[in-house]
Amino acid sequence: MMMREPFKGTTEYCFSFGPWNIHEGTDPFGPPVREAFSFDEKVGFYRDLGFVGIQFHDDDIVPGIDEKTHAQLIARTKTVKKQLDDHGLTAEVVAPRLWESPQTIDGAYTSNSPKERQYALERSKRCVDIANEIGCKNLVLWLAREGTYIRETKDSAGAVGQILEAINALLEYDPEIRILIEPKPNEPMDIAYIPTIGHAIGLAYASDAQERVGGLIESAHAILAGLEPSDEMGYALYHKKLWSVHLNDQNGLKFDQDKAFGSVNLRRAFNQVQVLEENGYGRNGEFIGLDVKVMRTQPRDISTKHLLSSRRTFLNLLEKVRTFDKEVEQEFITARDYEGFGLLHS
Ligand code: XUL
Ligand code: MN
């Protein structure tokens with residue numbers, strides 16, 4: 001058994017979250033319970049909470065995007081870019097919100113309707129234009145509705161081809177854009193076509209510019225697929241294709257809970273921090289993204305605590321990773337005393 005290579009230097013991690021992570025408490029069974037913070041108010045919160053990166057959807061930047069002309073889209077994006085500059089913030093990623101339009105009810109790139117597939121591609125290209133204008137090279141594709149409720153209604157092999165075709169069209173549209181696929185096994189669809197990072201990386205290698213297609217792993221999505229998030233991260237890190245993360249937590253196989261990082265299973269959180277830290281994540285500017293939702297019960301004026309606690313948990317676990325005695329760990333591994341090793345980490 002080889003000892004892990006000691007890491008050289010110290011990564012200064014940068015943290016990001018999306019405006020949707022400060023929300024009003026709506027769930028499928030009930031309406032909002034808190035008054036919304038405006039976009040401008042949210043932008044004002046980032047620095048104080050210890051965050052420097054914003055994860056965007058296209059319509060977080062340009063509300064009502066489908067009704068806007070190209071000139072309006074660019075003008076609005078310039079305004080937001082100025083706002084970010086004024087606050088010392090960076091746009092980490094931009095994602096086309098392809099799952100809310102009445103035109104993507106049955107999927108976006110894999111809709112059975114050619115007209116709707118065309119809409120999805122055009123909308124994605126507009127998202128690339130926004131990314132360029134806001135100074136960001138990372139386009140996230142969460143393939144939310146690329147799947148089925150009734151398996152027989154679509155062709156799963158053909159669907160992979162349709163997704164790949166869309167990815168290739170975007171790579172060609174902008175020779176510098178990078179595509180980060182965020183896999184998720186279900187929700188909103190019953191079963192999704194690209195459920196894990198292995199599927200996403202398969203698509204990356206099959207694409208016309210494999211060096212520009214990678215992945216974003218969300219802890220909860222891996223757990224929902226019945227997988228170990230840190231191993232999923234290790235798989236992507238080996239392929240040098242882990243370009244962003246959505247750290248959070250999940251209490252079993254339920255709906256996507258987006259709980260605060262480490263709030264359910266601290267050891268699972270520790271393993272994620274360790275695999276990131278020990279494999280050089282963050283050294284090429286990758287952010288520690290947190291896709292966490294505050295509980296519905298939380299009063300409005302303190303409805304950002306989930307972000308504070310998730311960031312703090314990451315940093316506390318990082319300290320543990322950095323200060324663990326590797327030689328002692330190695331002694332337990334050499335003696336194959338895995339029970340003893342377990343005690344070290346308990
Ligand atoms: C959905 C999810 C999204 C994406 C961004 O489960 O994780 O928030 O991360 O669109
Ligand atoms: Mn996510």
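In listed order, ligands and their atoms are each counted from 1. Numbering of residues begins at 1 and proceeds along the displayed sequence.
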Handout entry: Between Asn248 and Glu218, a side-chain donor and acceptor under 3.5 Å
Key = yes

Practice task
Measure centre to centre between the rings of Phe17 and Tyr46, then say whether the value is under 6.0 Å.
Solution key: yes

Practice task
Please work out which of the three classes, parallel, tilted or perpendicular, describes the rings of Phe261 and Phe314, given edges at 30° and 60°.
Solution key: tilted

Exercise for the section: Check ligand 1 against His246 and write out every atom of the ligand that is under 4.0 Å from a heavy-atom position of the residue. Expected result: 9 (O)

Practice task
Establish, from distance only, whether the side-chain atoms of Gln83 and Asp40 form a donor-acceptor pair under 3.5 Å.
Solution key: yes

Practice task
Using the salt bridge (Lys or Arg N to Asp or Glu O under 4.0 Å) rule, collect all pairs that involve residues 242-265, keeping only residues at least two apart or in two chains.
Solution key: Lys184-Asp256, Asp249-Arg268, Asp258-Lys293

Practice task
For Lys184, take its heavy atoms, then give the atoms of ligand 1 lying under 4.0 Å from any of them.
Solution key: 1 (C), 6 (O)

Exercise for the section: Kindly confirm or rule out an N or O of Trp99 lying under 3.5 angstrom from an N or O of ligand 1. Expected result: no

Fill in the blank from the handout: Of all protein heavy atoms, the one nearest atom 7 (O) of ligand 1 is Glu218 OE1, 2.8 Å

Completion exercise
Distance filter < 2.8 Å from the Mn ion (ligand 2), protein N/O/S hits 4

Exercise for the section: Let me see the working for Asp106 and Tyr149 under side-chain hydrogen bond (donor to acceptor under 3.5 Å, both in side chains), right down to the final yes or no. Expected result: CA-CA 9 Å; Asp106 188 31; Tyr149 302 110; over 6 Å; no

Exercise for the section: Can you label the angle between the Tyr235 ring and the His239 ring as parallel, tilted or perpendicular, going by 30° and 60°? Expected result: tilted

Completion exercise
The protein heavy atom nearest to atom 5 (C) of ligand 1 is His57 NE2, 3.4 Å

Handout entry: Arg97 contact mode with ligand 1 (heavy-atom cut-off under 4.0 Å)
Key = neither

Problem - atom 4 (C) of ligand 1 [closest protein heavy-atom partner, distance rounded to 0.1 Å] - result: Glu182 OE1, 3.2 Å

Fill in the blank from the handout: Under 4.0 Å between heavy atoms, the region of Asp291 that gets near ligand 1 turns out to be side chain

Problem - Glu133/Lys81 salt bridge by N-O under 4.0 Å criterion - result: no

Completion exercise
Within 4.0 Å of some non-hydrogen atom of Trp142, the atoms of ligand 1 are 1 (C), 3 (C), 6 (O), 10 (O)

Exercise for the section: For residues Trp99 and His57, establish whether the separation of their ring centroids is below 6.0 Å. Expected result: yes

Exercise for the section: Go through the steps for Gln162 and Arg117 under the test side-chain contact (heavy atoms from CB on, under 4.5 Å), then give the verdict. Expected result: CA-CA 9 Å; Gln162 286 170 327; Arg117 292 201 298 274; 3.6 Å; yes

Completion exercise
Nearest heavy-atom contact between Leu224 and Gly252 is CD2-O, 4.4 Å

Handout entry: Geometric N/O contact Asp256 with ligand 1, under 3.5 angstrom
Key = yes

